[in-house]
Amino acid sequence: MEKYSPSDIEKKWQAVWDNPNYYRVELDESKKKYYNLAMYPYPSGKIHMGHLKNYVGSDAVARYRKMMGFNVLNPMGYDSFGMPAEQAAISRNIRPDKWTYSNIETMTRQLKSVGLAYDWNREVITCDPKYYRWTQWLFQLFYKRGLAYKKEAAVNWCDTCGTVLANEQVIDGKCWRCNHEVRKKNLAQWFFKITDYADELLKDLDKLKGWPERVKTMQENWIGRSEGAEFSLEVEGHAEKIPVYTTRPDTIFGITFMALAAEHPLVEKLIAGQPNESEIRQFVTETRNMSDMERTSSESEKRGIFTGVYAINPVNGRKVPVWVTNYVLYEYGTGAVMGVPTHDERDWMFATKYGLDKILVIDNPKNPLKLDEMDNAYVEAGVMINSGEFDGLDNETAKSKIVDWLEAKKIGTRKVNYKLRDWLISRQRYWGAPIPVIYCDHCGEVLVPEEDLPVLLPDDVEFKQGALSPLSTSKKFNDVTCPKCGRKARRETDTMDTFICSSWYYLRYADPHNDKAPFDRDKVNYWNPVDQYIGGIEHAILHLLYSRFFTKVLRDAGMLDFDEPFTNLLTQGMVIKDGAKMSKSLGNVVSPEEIIDKYGADTARLFILFAAPVERDLDWSDKGVEGSFRFLNRVWRILGIFEDAIKAGADTYDVETLTAEEKDFRRAIHKTAKKVTEDVRDKFAFNTAISSLMELVNAAHNFQEKEINPSLAREFASNLLRMLAPFVPHITAELWEKFFGGDVHKQSWVTYDESAIAEDTVEIVVQINGKVRERVSVATNLSKAELEKLAPTLPRIQELTSGKTIIKTIAVPNKLVNIVVK
RNA sequence: GCGGAUGUGGCGGAACUGGCAGACGCGCCGGACUUAGAAUCCGGUGCCAUCAGGCGUAUGGGUUCAAGUCCCUUCAUCCGCACCA
């Protein structure tokens with residue numbers, strides 16, 4: 001047989017697979033569906049190893065499921081709105097759409113060169129007006145359901161990107177995209193009311209049995225639910241009250257001061273006319289100008305200033321000073337906090353610094369507290385003291401009793417709070433889906449009528465770094481009349497966060513060409529939810545939370561019938577080289593193209609799958625790649641040696657005619673089939689599946705210079721090629737065609753025969769005091785009693801136990817015998 | 001600080017419900033083929049030790065006939081959240 005030449009083989013098969021009908025799938029109620037999805041890429045113009053790792057693993061799953069007889073949906077598309085296209089327009093004067101579509105073309109070509117089994121008929125491109133028409137339609141659906149609203153707020157602003165960002169897109173106070181420090185800015189912006197779904201988004205995490213714990217925990221923390229009470233304190237000499245939220249109603253009797261956020265609107269009213277009014281105002285301004293980084297770090301110093309006014313604790317009438325501080329967050333709860341220094345560490349630090357009073361209200365039952373000996377707040381459980389009628393209760397019980405009491409006296413109520421804020425979706429950028437709203441001086445906010453969708457992106461725009469949205473520079477775009485009254489009006493010039501586009505793309509794949517609706521309900525209900533989703537951990541909160549939110553809203557709108565979009569989630573690891581993530585700046589990048597050119601896509605795929613479990617980081621090794629290439633050559637070579645036998649063999653034959661050695665080999669074939677099936681089906685353990693295939697090929701080498709039963713050789717080739725097909729599709733297609741005719745990817749998955757795996761004898765380990773001292777071959781399933789009887793009679797064991805007393809013998813059938821001696 | 005994870009040869013990594021630690025691959029060592037090299041094939045390869053044997057899964061302890069696996073302690077690394085009252 002000729003030499004293994006990956007480039008010829010791969011070109012040949014990729015041409016076959018490029019036929020749009022080859023991977024086409026259709027809805028078929030008679031077949032069990034399997035929706036396999038890998039997170040679609042941003043069309044940067046070049047695939048990198050990270051993409052490859054993601055898509056190769058996902059592809060193996062799709063191909064395996066197809067061979068298992070599932071109707072597999074395995075689509076691909078592009079998350080094609082976003083800043084880089086606009087940057088290209090700003091710095092190189094290339095139109096964003098040109099830049100994007102040419103990148104899509106090259107990336108598609110690169111993806112095809114990897115041999116991925118996508119149904120490209122279903123390609124989704126989010127910057128295509130046929131797609132973003134429905135993104136706009138969905139915005140309007142949210143609007144009509146009261147889930148999209150515009151409000152003025154202090155929002156996150158990135159100067160380099162020239163746009164606002166959602167809370168989820170601010171990482172450590174910096175922009176998720178460009179890493180530039182984010183600052184606060186007051187702007188009127190569009191929000192999606194994700195907080196309406198906070199409770200369900202949290203609760204339904206329990207339904208996601210197929211998600212990694214880590215991702216669920218991250219979402220749980222992000223949603224940040226807490227239970228407590230809200231109540232108000234009167235202010236001496238003012239009509240206004242100060243509402244506060246607390247999770248520690250059991251410490252209400254210990255309030256010694258009130259702390260307001262610098263942004264709190266009451267501050268201005270309270271300080272009016274105070275002698276040091278201007279000093280306080282200066283403090284407020286300074287604090288508000290601090291970056292979020294300095295402001296929210298728990299290490300930074302707590303500072304504050306007394307307003308000169310006092311509030312009254314409603315539970316005991318105590319007069320407490322009201323302070324303005326830098327450590328209370330305006331956005332959470334009520335923007336005001338009750339100060340209980342004895343039982344809250346932050347309040348302790350603050351009160352100590354400014355010499356404020358401290359009252360103990362919870363005591364340590366084991367070791368009574370003394371205020372003047374404490375150097376920290378007491379935050380453990382304990383017994384109530386100094387708390388009127390609640391004294392003596394344990395503080396957990398007191399918590400709910402005090403809230404009951406507050407409610408009965410109409411002072412306060414139970415309250416649940418979330419850290420999750422509404423999703424800021426406006427972007428002051430061009431390359432996104434325009435928000436389909438028109439402003440009319442007469443009619444106000446008006447939705448663009450459905451028949452006028454999509455609101456197209458105009459081309460008469462100017463791109464300038466950091467300037468206002470380019471859309472505001474377009475005459476065409478802004479020349480509009482009010483759809484209601486016909487008077488001159490103006491368009492919303494903001495576009496939508498690209499994360500909106502990606503919050504529903506997995507639904508569009510089910511019905512990608514629909515021009516009457518975003519998708520057909522029956523089709524989505526057939527294909528969705530996604531059975532297996534694979535992608536990077538960086539979307540643990542962003543994309544995965546937003547998509548869950550969208551699914552729930554669309555369910556409530558009657559557009560689909562499930563609660564969660566992704567049944568199983570696999571978060572794949574990064575690609576590492578020389579101890580660091582591959583990056584241009586470190587110069588440790590290996591491009592998929594160069595590997596494919598040198599060894600072929602099959603080798604690249606095999607190495608990626610073999611070197612590490614999918615969810616773990618992959619340590620790139622050039623030597624390891626060579627090892628994978630070597631293995632494929634071994635497969636090629638051994639099947640070449642067997643070629644005549646394979647062709648002469650029969651599909652069914654009498655196993656009893658095999659020699660003992662051949663029987664062993666046949667057992668290995670069936671054992672491997674079992675192992676590979678279980679590894680792929682249950683665990684996505686491609687690395688161990690491949691290692692057992694390597695063992696099988698190694699075992700075949702015993703026959704390289706020996707006659708092999710032709711039918712056995714045939715069985716081996718058929719099994720090996722089918723098992724390897726999901727991992728290395730080209731070489732297996734070629735060899736299958738050569739030996740069996742037809743298409744390996746249309747074959748059914750291997751089956752195995754338990755009886756063929758069973759062995760007559762097993763090797764038993766005999767231990768003395770837990771150390772292996774002898775091995776013995778016995779009949780399979782020899783009973784415990786028989787084993788216990790047999791072991792001490794072995795010569796070697798007799799020798800080692802002579803003169804000692806046997807205390808106990810433990811036997812585990814098919815495994816071992818342990819003799820305990822003294 | 002809180003939460004999650006990880007820790008096994010020279011390296012990437014195996015080990016199902018506790019039952020032979022180190023599968024498979026890389027690297028290394030030896031051999032065959034070759035004038036020689038490359039490629040290929042065969043064999044070896046946790047550490048210490050002259051065979052016997054001893055020691056080994058981050059640390060220290062515990063449970064057990066038996067622990068990488070279960071329990072407690074400490075340490076290290078990575079990730080997420082981080083003044084959320």
Side-chain angles (χ1 to χ4, degrees), chain A residues 3 171-172 212-222 224-226 228 244-248 251 259 261 295-302 325-329 331-340 343-347 349-350 417-421 537-538 540-541 574 576 606-607 610-613 615-628 630-631 633-634 637 675 678 682-683 685 687-698 701 704-705 763-775 807-821:
Chain A
K3 246 185 85 189
I171 314 290
D172 287 339
E213 215 43 55
R214 165 163 88 124
V215 175
K216 289 192 276 186
T217 313
M218 280 165 74
Q219 292 209 357
E220 194 183 320
N221 291 341
W222 188 259
R225 183 181 197 272
S226 70
V244 292
Y245 170 74
T246 182
T247 54
R248 294 295 306 273
T251 65
R295 183 79 184 274
T296 58
S297 158
S298 51
E299 274 106 65
S300 67
E301 201 188 356
K302 283 156 192 50
T325 71
N326 67 345
Y327 77 95
V328 173
L329 300 173
E331 306 87 54
Y332 183 77
T334 62
V337 163
M338 61 182 212
V340 184
H343 304 293
D344 182 282
E345 280 174 29
R346 297 152 301 186
D347 295 347
M349 281 192 264
F350 189 79
N417 254 329
Y418 298 92
K419 292 187 199 174
L420 184 71
R421 316 277 155 75
I537 185 71
E538 66 273 18
I541 293 172
M574 294 184 305
I576 304 285
L606 188 72
F607 173 71
F610 174 63
E615 66 279 8
R616 228 172 316 159
D617 287 350
L618 171 89
D619 204 337
W620 189 267
S621 146
D622 294 331
K623 288 288 185 186
V625 176
E626 278 175 37
S628 294
R630 203 172 297 153
F631 171 69
N633 275 291
R634 276 161 74 82
R637 194 181 143 270
K675 168 89 174 135
E678 290 172 353
D682 308 334
K683 301 188 283 187
N687 56 331
T688 49
I690 290 166
S691 80
S692 57
L693 288 163
M694 287 173 168
E695 284 180 83
L696 182 63
V697 171
N698 290 345
H701 276 72
Q704 59 183 324
E705 275 160 8
E763 190 183 69
I764 295 283
V765 166
V766 183
Q767 300 177 327
I768 295 175
N769 291 343
K771 309 233 178 223
V772 182
R773 294 298 181 219
E774 182 64 311
R775 289 153 199 279
I807 297 169
K808 190 173 189 182
T809 307
I810 299 107
V812 182
N814 299 331
K815 286 224 167 84
L816 54 64
V817 180
N818 189 13
I819 299 169
V820 186
V821 299

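Numbered from 1 within each chain, the chains take letters A, B, ... in sequence-line order.
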Fill in: Ranges pairing with ranges for RNA chain B, where each run has three or more Watson-Crick or G-U pairs under 3.5 Å
B:1-7 with B:75-81, B:10-12 with B:24-26, B:27-32 with B:40-45, B:46-48 with B:53-55, B:60-62 with B:70-72

Worksheet item: side-chain contact (heavy atoms from CB on, under 4.5 Å) with A/Lys216: which residues, sequence neighbours excluded?
Response: A/Leu205, A/Leu208, A/Trp211, A/Glu213

Practice prompt. Using whole Å, report how far NE2 of A/His701 lies from P of B/rC41.
Written response: 5 Å

Practice prompt. Indicate whether any N or O donor in one side chain lies under 3.5 Å from an N or O acceptor in the other, for A/Ser226 and A/Tyr245.
Written response: yes

Worksheet item: If you check the A/Val765 side chain, which of B/rC20, B/rG12, B/rA85 turns out closest?
Response: B/rC20

Item to complete: Check the chi torsion on B/rG9 and let me know: syn if it falls within 90° of 0, anti if not.
Response: syn

Discussion item. Is it the case that atom CZ in A/Arg214 sees more than 12 heavy atoms from other parts of the structure closer than 6.0 Å?
Written reply: no

Item to complete: Output yes when at least one side-chain N/O atom of A/Tyr332 is less than 4.0 Å from OP1 or OP2 of B/rA85, else no.
Response: yes

Show each protein N/O and nucleotides 23-25 of chain B N/O combination with a separation under 3.5 Å, one pair to a line.
unit_1 : atom_1 : unit_2   : atom_2 : d
B/rA23 : O2'    : A/Glu695 : OE1    : 3.3
B/rA23 : O2'    : A/Glu695 : OE2    : 3.3
B/rG25 : OP1    : A/Asn698 : ND2    : 3.2

Practice prompt. Check whether any side-chain N or O of A/Lys302 sits under 4.0 Å from OP1 or OP2 of B/rC83, and answer yes or no.
Written response: no

Worksheet item: Going by the angle between their ring planes, with limits at 30° and 60°, are A/Phe607 and A/Trp620 parallel, tilted or perpendicular?
Response: perpendicular

Discussion item. Quick check on B/rU40: is either OP1 or OP2 less than 4.0 Å from any side-chain nitrogen or oxygen of A/Gln704?
Written reply: no

Worksheet item: So, does the side chain of A/Arg214 form a donor-acceptor pair with the base of B/rC79 at under 3.5 Å?
Response: no

Worksheet item: So what does A/Arg637 touch, heavy atoms closer than 4.0 Å: a base, only the sugar-phosphate, or nothing?
Response: sugar-phosphate

Practice prompt. Check whether any side-chain nitrogen or oxygen of A/Ser226 sits under 4.0 Å from OP1 or OP2 of B/rA85, and answer yes or no.
Written response: yes

Worksheet item: Which whole-number value in Å describes the distance from A/Asp172 CG to B/rC83 P?
Response: 11 Å

Worksheet item: So which nucleotide from B/rG54, B/rG80, B/rC65 ends up closest to the side chain of A/Asn818?
Response: B/rC65

Discussion item. Quick check: on RNA chain B, is the nucleotide nearest A/Ile810 upstream (toward 5') of the one nearest A/Ile171, or the reverse? Name the residue that is more 5'.
Written reply: A/Ile810

